[in-house]
There are 2 protein chains.
Amino acid sequence: MPDTANSTDQFVRRELQLERFLPYLVNNLADRISTGLSRIYADEYGLSIPEWRVIANLAEHGVLNAKRIVITTGMEKSKVSRAVKSLTDRSLIFQRRTENDNRARDLALTGTGEALYGELVPRALAWELQLLECLSTGEYRDLMHLLGKLREQAGRI
Amino acid sequence: MPDTANSTDQFVRRELQLERFLPYLVNNLADRISTGLSRIYADEYGLSIPEWRVIANLAEHGVLNAKRIVITTGMEKSKVSRAVKSLTDRSLIFQRRTENDNRARDLALTGTGEALYGELVPRALAWELQLLECLSTGEYRDLMHLLGKLREQAGRI
DNA sequence: ACAAATTAGTTGCATAATGAACTATCTCTG
DNA sequence: CAGAGATAGTTCATTATGCAACTAATTTGT
């Protein structure tokens, strides 16, 4: 319960400063980051954010169905559905029957998909590193910690 | 230059973990925050994010023209233009001639706009405070500091 | 002073995001 | 085992976005 946020001492401030308003700051940062990173995966590889996320999840966790991707990423299921369709059409992932359930399908990267992922990862990490260059090791640790806490709290509200 | 990011010791990691990938984390958090806050300004007041931002800027800085809002918020000028049109149509802001420049127009909140803002602010701040409840005063200070640094760096890249 | 370049803001268009409604399959309960 | 409800995934209709092209007004350089 920070008293320095938009509050003074123990009294909540009645004014709002956009430059100190967390939702604004986080949104703004997310925007800049998306725009920057999209120069890699969108411009050079023709991937949308949802597509990239589906690929990253499959690369990281192996075989998954769409529902699981929805749960772990928090994306809309329609978003995932479209991404899956598009990636399948481009043969970056493939689908196969799930045992005991004909509604769902198992998804996995194809060879091409894995190759693309293998190309993309170092570039994405390099970009992230460039961004993180402005932080010390300690600051980075703090950041991860804070983001984790906020994410959890935002999920609760 | 943190060595704990997606790197180990001084060597950059070759794998990517989405859960530790800053762009993913920030985007995800921004998403959750937007969704939560929009329950206030969208559902209850019928405002879009751009509209809300225009209002907040005018409330904070008084008379502004669209260009200035574009600069200070980093929004697309078409986004601002549309928000301004919609807010004018709803009589939440008004436009008047700018002295010495017939291209631009000065924008300001109407009484209704100010009233709406006055209603909205306490609720927005209350929501922010709920989110910040998970942080100590020190953590909040750190967060603001880190977000500032990252924002600047993201602008450079 | 006047053509060229800038600037403020708008609009058109193609693409993307969103949420609700829908299909098909599966599970649970009596 | 039938029917109600839940679940996986798709699609439709509406709205939002981003970019570039455009208008109109202003500034600059010569």
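In what follows, chains carry the letters A, B, and so on, assigned in the order in which the sequence lines appear, proteins first and then strands, with residues in each chain numbered from 1. The structure presented is a predicted model; accordingly, all values stated were derived computationally and were not measured.
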Practice problem: Show your reasoning for whether side-chain hydrogen bond (donor to acceptor under 3.5 Å, both in side chains) applies to Asn57(A) and Thr72(A). | Solution: CA-CA 9 Å; Asn57(A) 266 273; Thr72(A) 65; 3.3 Å; yes
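Taking 4.0 Å as the cut-off between side-chain N and carboxylate O, Glu51(A) and Arg82(A) do not count as a salt-bridged pair. Glu15(B) and Arg20(B) are not joined by a salt bridge, as no carboxylate oxygen comes within less than 4.0 angstrom of a charged side-chain nitrogen. Remark: Lys149(A) does not engage Glu133(B) in a salt bridge, criterion side-chain N to carboxylate O under 4.0 Å. With respect to the salt-bridge test (charged N to carboxylate O, under 4.0 angstrom), the residues Arg156(B) and Glu152(B) qualify.
Using cut-offs of 30° and 60° for the angle between ring planes, the Trp52(A) and Phe21(B) rings count as perpendicular.
Looking at residues 62-86 of chain A, you'll see Asn65(A), Ala66(A), Lys67(A), Lys77(A), Ser78(A), Ser81(A), Arg82(A) sit with a heavy atom under 4.0 Å from some atom of DNA chain D.
Rounding to whole angstrom units, CG of residue Leu47(B) and C1' of dT15(D) are separated by 16 Å. Rounded to whole Å, atom C1' of dT15(D) lies 14 Å from atom CD1 of Ile49(B). When the P atom of dT15(C) is taken as reference, atom CD of Glu51(A) falls 14 Å away, rounded to whole Å. Between Leu87(A) atom CG and dG9(D) atom P the separation is 15 Å, expressed in whole Å. When the C1' atom of dG19(C) is taken as reference, atom CG of Asp43(B) falls 12 Å away, rounded to whole Å. Rounded to whole Å, atom C1' of dA25(D) lies 16 Å from atom CD of Glu99(B). Computed from coordinates, the Arg96(B) CZ to dA8(C) P distance equals 18 Å when rounded to whole Å.
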Enumerate the protein-to-nucleotides 26-28 of chain D contacts in which both atoms are nitrogen or oxygen and the separation is below 3.5 Å.
from: dT26(D); atom 1: OP1; to: Asn102(B); atom 2: N; distance (Å): 2.8

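Taking the nucleotide of DNA chain D with the nearest heavy atom to each of Asp31(A) and Asp106(A), the more 5' of the two is matched to Asp106(A).
Atom CH2 of Trp127(B) is separated from atom CG of Leu37(B) by 5.0 Å, given to the nearest 0.5 angstrom. Taking CG from Leu109(A) and CG from Leu116(A), the interatomic distance works out to 9.0 Å, rounded to the nearest 0.5 Å.
In this structure, Leu18(A) and Leu25(A) have side chains that are not in contact, with every pair of non-hydrogen atoms separated by 4.5 Å or more.
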